[in-house]
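Here the structure comes first, spelled out in structure tokens, and everything after it is commentary.
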Amino acid sequence: MDDTFPLRTRKTVSGLSMWRLMWAGRACSAVTGVATASACVVMLVTDSTFDNPWVVALCGILAASAGVGFLFLRVGDKRKDAEFAEGYTTSRVGYPNLEQVDESTGFIVRAAGEPLLTRQEHRARMLAFRASLVES
């Protein structure tokens, strides 16, 4: 980590960040995939379809997680537009032309135009910021 990196914060858009919403959407997608595979296995093993309560339950989980995941991704996309309009992102994996801001503290982790950070660099800067809060 560059020891001269300024420890600054900024105001962020209220509500859940794009980063968290997108990860919640991806988690729902994973649940959808597991429920789909499980329902298929149960149908093949038991040679039944919707007369089996396990198949019905797994299909219900599949439908619910797909719907909720879709909503998370749609809201996350709108949040991304709001963050971009304010000139920052909470994403850790892209958009080097924007400031990267920590969603919970508002700490500017990476300046706009700076190369993307490795996980270790991100962690080191966050630890330095938290240490500065304790000292003050």
Run the side-chain contact (heavy atoms from CB on, under 4.5 Å) check on Trp54 and Val45 step by step: do they pass?
-> CA-CA 12 Å; Trp54 285 102; Val45 169; over 6 Å; no
Determine, step by step, whether Glu86 and Thr12 satisfy the side chain to side chain donor-acceptor pair (under 3.5 Å) criterion, reporting the C-alpha distance in whole Å, the side-chain angles of both residues, the deciding distance to 0.1 Å, and the verdict.
-> CA-CA 8 Å; Glu86 293 293 321; Thr12 59; over 6 Å; no
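With a 4.5 Å cut-off between side-chain heavy atoms of Ile, Leu, Val, Met, Phe, Trp and Tyr, the cluster of Ile61 takes in Val31.
Closest non-hydrogen pair, Leu7 versus Ala128, comes out as CD1-O, 4.0 Å. The minimum heavy-atom distance linking Met126 with Thr105 is given by the pair CE-OG1, 4.3 Å. In this structure, Val68 and Cys28 approach most closely via the heavy-atom pair CG1-SG, 3.8 Å. The minimum heavy-atom distance between Leu21 and Arg79, with the atom names listed, is CD1-CB, 4.0 Å. Summarising the geometry of Asn97 relative to Ala112, their closest heavy-atom pair is O-CB, 3.4 Å, with the distance given to 0.1 Å.
Sorted by first and then second residue, the ring-ring contact (aromatic ring centres under 6.0 Å, His included) pairs involving residues 60-89 (not counting sequence neighbours) are Phe84-Tyr95. Residue pairs meeting the ring-ring contact (aromatic ring centres under 6.0 Å, His included) criterion with at least one partner in residues 97-130, sequence neighbours excluded, are Phe107-Phe129.
No salt bridge links Arg110 with Glu99; every basic N to acidic carboxylate O contact stays at or beyond 4.0 Å. Using a 4.0 Å cut-off between charged side-chain N and carboxylate O, Glu103 and Arg92 make a salt bridge. Look at Asp77 and Lys80 and you find a salt bridge, because one of the NZ, NE, NH1 or NH2 atoms lies within 4.0 Å of a carboxylate O, short of that distance. Using a 4.0 Å cut-off between charged nitrogen and carboxylate oxygen, Arg125 and Glu114 count as a salt-bridge pair.
For CZ of Arg26, the number of neighbouring non-hydrogen atoms (other residues, nucleotides, ligands) closer than 6.0 Å is greater than 12. Within a 6.0 Å sphere centred on CG of Asp47, other residues, nucleotides and ligands contribute 12 heavy atoms or fewer.
The side-chain heavy atoms of Val101 and Val109, taken from C-beta on, include no pair separated by under 4.5 Å. Side-chain atoms of Ser48 and Asp51, non-hydrogen and from C-beta on, do get closer than 4.5 Å to each other. Residues Gln100 and Thr90 have side chains not in contact (no heavy-atom distance under 4.5 Å, counting atoms from C-beta outward).
By the 6.0 Å and 45° rule, Arg20 does not stack over the aromatic ring of Trp23.
To the nearest 0.5 Å, atoms CG (Leu58) and CE (Met43) are separated by 8.5 Å. Atom-to-atom distance recorded for Ile108:CD1 and Arg10:CZ is 6.0 Å, nearest 0.5 angstrom.
Side-chain atoms of Glu83 come within 3.5 Å of backbone atoms of Met18 as a donor-acceptor pair (strictly under, hydrogens ignored).
The cluster map of Ile, Leu, Val, Met, Phe, Trp and Tyr, joined by side-chain heavy atoms under 4.5 Å apart, puts Leu16 and Val75 in the same cluster. Linking ILVMFWY residues whenever their side-chain heavy atoms come closer than 4.5 Å, directly or via other members, places Val42 and Val56 in the same cluster.
Side chain to side chain, Thr89 and Ser91 fail the donor-acceptor criterion of an N or O pair below 3.5 Å.
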